[in-house]
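One structure is given here, and the rest of the page talks about it.
So you know, we letter chains A, B, ... as the sequences are listed, proteins then strands, and number each from 1. Side-chain atoms are counted along with the backbone in the values below, which use heavy atoms only and exclude waters and symmetry mates.
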Amino acid sequence: MPESSESPLSDAAAHEQSSGPDVATPIIAWFAENARDLPWRRPGFTAWGTLVSEFMLQQTPVARVIPRLEEWLARWPTPADLAASPPGEAVRAWANLGYPRRALWLHRAAVEITERHGGVVPSDVDQLLALTGIGDYTARAVSVFAYGLRHPVVDTNVRRVIARAVDGNGQPGPPSAKRDLPAMTALLPDDLADARAFNAGIMELGAIRCTARSPQCDDCPLRDICRWRAAGYPEYTGQKKAVQKKYEGSDRHVRGLIMAELRHTHRPVTPAEIAGLWPDVDQLQRALSGLVADGLAVPEDEGYVLP
DNA sequence: AATACGTGGCC
DNA sequence: TGGCCAAGTAT
């Protein structure tokens, strides 16, 4: 009799019978050997640091985030420190990370954490979701990575790995909490530490091996069980992603020009200076109004300043 | 549900 | 060159 009677099936293996091959075990093992050395994986990294990193990582590449994150945490080591600064300083420190509303939202979240949670980043997903700028991904990421709670964490990397390895599709369909969370839950190990490592590992796999454009399947821990690979990498036939609009000449572009100007000075930016940023007066006015409406620019006597 | 929202690197 | 992509959220 083999050792199966003496070594019971692991939790992960137990899922196998109803849910296909075990995805978690090879990913956890791979992650233990291949995890990048990133700031938020350092021992002693705080929950606040995790929250800040997750805000910055929303749609912005890791390499661009790291220097800004380190500056940010040196300047504002706690939520209360950030809450005590003007929001405009957060926008300035955000620099070129893009989507500067996130800086405003992060500042607002810091105020909320200070007021509602005594300055301690909450671990509860629903309390995190109630904070400004925190959605389904970030709430779970903070709860899991900062506090070790057991939840599925689903980002674009995770969705892509599951689409390929489990569903046999080259790309995931449109994001859907209704489908994405159950799909990840079905793969999640029962053990707390394993669940955390699996969440981090599958995200890392999507980020550095199972990438969108050039997957390195020969070095993938799932190469023997990946359904997309087994099927010969069929073209994706599902719903196409909405085409990203051209940036050059867009309203976003003009907003970006104005924001760069506001960040680079502590003096009000005059209407004349703003007028010099872009030839189309109507578009410039539209961008400026939008920024004021968003709270990123504030009109003063002399011109516009950060909040 | 579709769209707006920055900035830059990569092939 | 230019389209695609990047740890999403709010509306």
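With DNA chain C read from its 5' end, the first of the two nearest nucleotides for A:Tyr99 and A:Lys241 is the one closest to A:Lys241. Positionally, the nearest nucleotide of DNA chain B for A:Gln239 lies more toward the 5' end than for the other of A:Arg102 and A:Gln239. The 5' end of DNA chain C is approached more closely, in terms of each residue's nearest nucleotide, by A:Arg36 than by the other of A:Leu131 and A:Arg36.
Residue contacts shown for A:Phe55 are absent, as no nucleic acid heavy atom lies under 4.0 Å away. Across all strands shown, A:Gly135 has heavy atoms under 4.0 Å from sugar-phosphate atoms exclusively, and none from any base. Across all strands, A:Ala212 comes closer than 4.0 Å only to sugar-phosphate atoms, never to a base (heavy-atom distances). Among the protein residues, A:Asp294 comes within range of no part of the nucleic acid, since none of its heavy atoms lies under 4.0 Å from any strand. Nucleic acid contact for A:Pro100: sugar-phosphate only, since backbone atoms but no base atoms lie under 4.0 Å from a heavy atom of the residue. Among the protein residues, A:Thr138 comes within range of the sugar-phosphate backbone only, with heavy atoms under 4.0 Å from sugar or phosphate atoms but none that close to a base. Contact annotation for A:Leu97: base contact, defined as any heavy-atom pair under 4.0 Å involving a base atom. When heavy atoms are screened at a 4.0 angstrom cut-off, A:Ser214 is found touching no nucleic acid atom at all. Heavy atoms of A:Arg108 sit nowhere under 4.0 angstrom from any nucleic acid atom. Note on A:Leu38: a base of the nucleic acid sits closer than 4.0 angstrom, heavy atoms only. The residue A:Arg160 sits close only to the backbone: its heavy atoms come under 4.0 Å of sugar-phosphate atoms, none of a base.
Taking 4.0 angstrom as the limit, A:Gln58 places none of its side-chain polar atoms (N or O) nearer than this to OP1 or OP2 of C:dG8. Contact between the side-chain N/O atoms of A:Asn96 and the OP1/OP2 oxygens of B:dG8 is found at a separation under 4.0 Å.
Side-chain polar atoms of A:Glu112 and A:Thr132 form a donor-acceptor pair below 3.5 angstrom. Remark: the A:Thr50 side chain and the A:Glu54 side chain contain no N/O donor-acceptor pair separated by less than 3.5 Å. Of the N and O atoms on the side chains of A:Arg92 and A:His266, at least one donor lies less than 3.5 Å from an acceptor on the other residue.
Salt-bridge formation is not detected for the pair A:Arg150/A:Asp191: no Lys NZ or Arg NE/NH1/NH2 atom is positioned less than 4.0 Å from an Asp or Glu carboxylate oxygen.
Closest to the side chain of A:Trp40, from the set C:dC5, C:dA7, B:dC5, is C:dA7. Closest contact between the side chain of A:Arg213 and the listed nucleotides C:dA6, B:dC10, C:dG8 involves B:dC10. Here C:dA7 is the nucleotide among B:dC5, C:dA7, C:dA6 with the atom lying nearest to any side-chain atom of A:Ala207. For A:Arg41, the side-chain atoms get nearest to C:dA7 when compared with the rest of C:dA7, C:dC4, C:dG8.
For the pair A:Trp94 CH2 and C:dG8 P, the computed distance is 12 Å after rounding to whole Å. With rounding to whole Å, A:His107 atom NE2 is found 20 Å from C:dT9 atom P. Atom NZ of A:Lys246 is separated from atom P of C:dC4 by 13 Å (rounded to the nearest Å). Protein atom CD of A:Glu248 is 12 Å distant from nucleotide atom P of C:dG3, rounded to whole Å. Taking atom NZ on A:Lys240 and atom P on B:dA2, their separation rounds to 16 Å, with Å as the unit. The CD atom of A:Glu204 sits 14 Å away from the C1' atom of C:dA6 (whole-angstrom rounding). If you take CG of A:Leu291 and P of B:dA4, they are 16 Å apart, rounded to a whole angstrom. Distance, A:Asp136 CG to C:dA7 P: 17 Å, rounded to whole Å.
A:Trp228 and A:Tyr233 have perpendicular rings, their planes meeting at more than 60° on a 0 to 90° scale where under 30° would count as parallel.
For A:Arg64 against B:dT7, a side-chain N or O and a base N or O form a donor-acceptor pair under 3.5 Å. Taking only distance into account, the side chain of A:Thr60 never meets the base of B:dG8 through a donor-acceptor pair shorter than 3.5 Å. Evaluation of atom-type donor-acceptor distances gives a pair under 3.5 Å for the side chain of A:Gln244 against the base of C:dC5.
Atom name P, nucleotides B:dC5 and C:dA7: the rounded distance is 22 Å, in whole Å. Taking the P atom of each, C:dT1 and B:dG6 are spaced 26 Å apart, rounded to whole Å.
Each of A:Cys210, A:Cys217, A:Pro172 was compared with A:Arg164 under the side chain to side chain contact (heavy atoms under 4.5 Å, CB included) criterion, and only A:Cys210 meets it.
No chain of hydrophobic side-chain contacts below 4.5 Å, direct or via other Ile, Leu, Val, Met, Phe, Trp or Tyr residues, connects A:Leu57 to A:Tyr137.
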